[in-house]
Undergrad: 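Dumping the structure here so I can ask a few things about it.
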Amino acid sequence: MEDDKKAEQQQKQQINIELTDEIAEGIYSNLAMIAHSNSEFVVDFIRLMPGIPKAKVKSRIIMTPDHALRLLQALKDNIEKYEKAFGKIEGGKDAPQFPMNFGGTLGEA
């Protein structure tokens with residue numbers, strides 16, 4: 001009887017996540033610009049192509065500071081797992097430098 005209640009509670013807590021074919025294809029991004037206010041973080045995912053001076057924002061994600069922290073923790077966890085399986089990621093050496101600030105605090109990833 002107790003096991004039935006636990007199973008029922010777990011079933012109620014499950015979230016069904018739908019992934020459409022279009023979203024499942026993904027969007028390639030090789031640059032992320034991050035801005036924040038006191039209530040939200042805005043992450044713009046950008047595709048920067050060599051030899052083309054204009055880059056397009058391909059996706060914008062807006063989240064609360066709490067969710068931004070959860071994303072950071074999840075990324076750290078996944079990077080650690082990746083590096084254990086495939087070796088250290090040697091990144092950041094050729095990252096582009098941007099002297100722009102869109103009127104707010106700006107980060108880059």
Side-chain angles (χ1 to χ4, degrees):
M1 189 73 146
E2 189 69 30
D3 288 339
D4 290 340
K5 285 183 182 181
K6 284 182 182 179
E8 187 177 318
Q9 284 179 336
Q10 286 177 339
Q11 196 171 27
K12 286 181 182 178
Q13 292 177 356
Q14 285 184 338
I15 298 172
N16 290 325
I17 298 173
E18 182 180 336
L19 182 63
T20 65
D21 290 341
E22 181 183 2
I23 298 297
E25 289 179 18
I27 296 173
Y28 179 75
S29 170
N30 54 5
L31 177 67
M33 304 288 279
I34 304 168
H36 68 271
S37 69
N38 65 334
S39 61
E40 63 194 14
F41 279 74
V42 178
V43 185
D44 286 333
F45 291 95
I46 301 161
R47 184 179 307 156
L48 183 63
M49 301 304 288
I52 300 174
K54 189 175 185 179
K56 289 187 178 182
V57 173
K58 293 300 188 173
S59 183
R60 172 173 278 186
I61 306 297
I62 303 167
M63 64 186 82
T64 65
D66 182 59
H67 285 106
L69 182 59
R70 290 182 196 187
L71 175 62
L72 174 65
Q73 292 165 342
L75 282 170
K76 283 181 178 180
D77 180 56
N78 277 271
I79 289 170
E80 287 174 8
K81 290 175 182 174
Y82 176 94
E83 289 183 334
K84 282 181 184 175
F86 303 106
K88 185 161 177 52
I89 299 170
E90 299 294 336
K93 296 175 187 169
D94 299 323
Q97 298 298 313
F98 294 95
M100 61 183 111
N101 188 331
F102 297 105
T105 305
L106 186 67
E108 183 181 320

Undergrad: Apply side chain to side chain contact (heavy atoms under 4.5 Å, CB included) to Met63 and Val43, showing your working.
TA: CA-CA 8 Å; Met63 64 186 82; Val43 185; 4.3 Å; yes

Undergrad: Taking all non-hydrogen atoms of both residues, which atom of Ser39 and which atom of Pro65 are closest, and how far apart?
TA: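 Nearest heavy atoms, Ser39 then Pro65: O-CD, 3.3 Å.
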
Undergrad: Please step through side chain to side chain contact (heavy atoms under 4.5 Å, CB included) for the pair Tyr82 and Ile89, ending with a clear verdict.
TA: CA-CA 9 Å; Tyr82 176 94; Ile89 299 170; 3.6 Å; yes

Undergrad: Is the backbone N or O of Arg47 less than 3.5 Å from a side-chain atom of Ser29, with the two atoms forming a donor-acceptor pair by type?
TA: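 Pair absent, no side-chain N/O of Ser29 close to backbone of Arg47.
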
Undergrad: Hey, any chance Leu75 and Ile34 share a hydrophobic cluster, counting ILVMFWY side chains that come within less than 4.5 Å of each other, even indirectly?
TA: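 Yes, Leu75 connects to Ile34 through the hydrophobic network.
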
Undergrad: Taking Asn30 for its side chain and Leu48 for its backbone only, find out whether a donor-acceptor pair lies under 3.5 Å.
TA: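 Yes, Asn30 side chain to Leu48 backbone: donor-acceptor pair under 3.5 Å.
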
Undergrad: I need the Leu31 CG to Lys56 NZ distance, nearest 0.5 Å.
TA: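 NZ of Lys56 is found 15.5 Å from CG of Leu31.
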
Undergrad: Only one of Lys76, Glu83, Lys81 forms a side-chain contact (heavy atoms from CB on, under 4.5 Å) with Ile79, so which one is it?
TA: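 Only one option passes, and that is Glu83.
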
Undergrad: Is the shortest side-chain heavy-atom distance between Asn16 and Glu18 below 4.5 Å?
TA: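 No - every pair of side-chain heavy atoms lies 4.5 Å or more apart.
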
Undergrad: Hey, which of Met33, Lys58, Arg60 is the one that makes side-chain contact (heavy atoms from CB on, under 4.5 Å) with Ile46?
TA: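 Filter result, single survivor: Met33.
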
Undergrad: About how many Å separate CG of Leu71 and CG of Asp66, when rounded to the nearest 0.5 Å?
TA: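 Between Asp66 CG and Leu71 CG, I get 11.5 Å after rounding to 0.5 Å.
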
